[in-house]
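In what follows, a single structure is set out as C-alpha cells and then discussed.
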Amino acid sequence: MSDQRFIIEMGMGNDQYGRDYTKAAARAIEDAIRHSGIPMFAALDMPTDQMRVQVTVGVQDPGQVDCAALAASLPRGRAEVRAVLGGLDVTNPDDGNVIVIASAAVEAFLPAQVGKYTVAD
C-alpha cells in the first residue's frame with residue numbers, strides 16, 4: 001500500500017544578521033508546524049512513528065542547509081528534509097548585510113487507511 005498525504009503546512013523564516021540558511025530554514029519549518037495539531041493519533045491509538053514527514057525548504061543556497069540537523073529536530077514521525085533553490089537573499093544597500101529568507105512545505109503521510117476504520121453512532 002502506498003502512503004497518503006493527510007496534511008501539508010507552509011511556513012516562512014529568516015535570519016536577519018548571520019546569513020545562516022539552516023537557521024532560516026528551521027524557523028520556516030517551525031512556522032509551518034506551529035499551525036498544526038494532529039489529535040488523530042491519540043484518537044485512533046496509532047503510534048506517531050507510522051507517520052512519514054517530508055519537508056522541502058527553499059533557500060538561495062541549498063548547499064548551506066544542514067538537512068540532517070533539521071530532520072533530527074522534528075518532533076514526530078520519520079522525517080526527511082531536502083533543500084531546494086528558492087527563498088530570497090535581500091541585501092541592505094547601506095551596509096551590505098544579507099537577510100536570508102526561507103520557505104518550507106511540511107507534508108505528513110500515513111500508510112493508506114482505507115477500510116481500517118468505521119464510524120460508530
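We count residues from 1, following the sequence as given. These values consider heavy atoms only, across backbone and side chains, with no hydrogens, waters or symmetry-generated copies.
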| query | Got a sec: does the CG of D95 have more than 12 other heavy atoms crowding it under 6.0 Å? | reply |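 Yes - once you tally the heavy atoms of other residues, nucleotides and ligands closer than 6.0 Å, there are more than 12.
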Any link between [X] and [Y] through a network of hydrophobic side chains (Ile, Leu, Val, Met, Phe, Trp, Tyr) touching at under 4.5 Å?
X    : Y    : value
L88  : M12  : yes
Y21  : I101 : no
V57  : I7   : yes
V81  : V53  : yes
L110 : L74  : yes

Considering only heavy atoms from C-beta outward, does the side chain of [X] approach that of [Y] to under 4.5 Å?
X   : Y    : value
F6  : E107 : no
Q54 : F109 : yes
Q60 : V100 : no
R76 : D49  : no
P75 : I33  : yes

Closest contact, heavy atoms only, [X] versus [Y]:
X    : Y    : result
E9   : A32  : CB-O, 3.5 Å
S103 : G87  : OG-N, 4.3 Å
A28  : A102 : CB-O, 3.7 Å
K23  : D15  : CD-OD1, 3.5 Å
D66  : T22  : N-OG1, 2.8 Å

| query | How does the hydrophobic cluster around L85 look, that is, which other residues are in it when side-chain heavy atoms under 4.5 Å mark a link? | reply |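 L85 shares its hydrophobic cluster with no other residue.
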| said: Return the CG to CD distance between L70 and E80, rounded to the nearest 0.5 Å. | reply: 13.5 Å
| request: Working to the nearest 0.5 Å, report the span between CD1 of I99 and CG of N92. | output: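 The CG atom of N92 is 7.0 Å from CD1 of I99, to the nearest 0.5 Å.
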| field | Check: N14 main-chain N/O paired with R27 side-chain donor or acceptor under 3.5 Å | value |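 The answer is yes, because a donor-acceptor pair under 3.5 Å joins these two groups.
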| request: Would you check, one step at a time, whether the test side chain to side chain contact (heavy atoms under 4.5 Å, CB included) holds for I29 with V106? | output: CA-CA 7 Å; I29 293 167; V106 179; 4.3 Å; yes
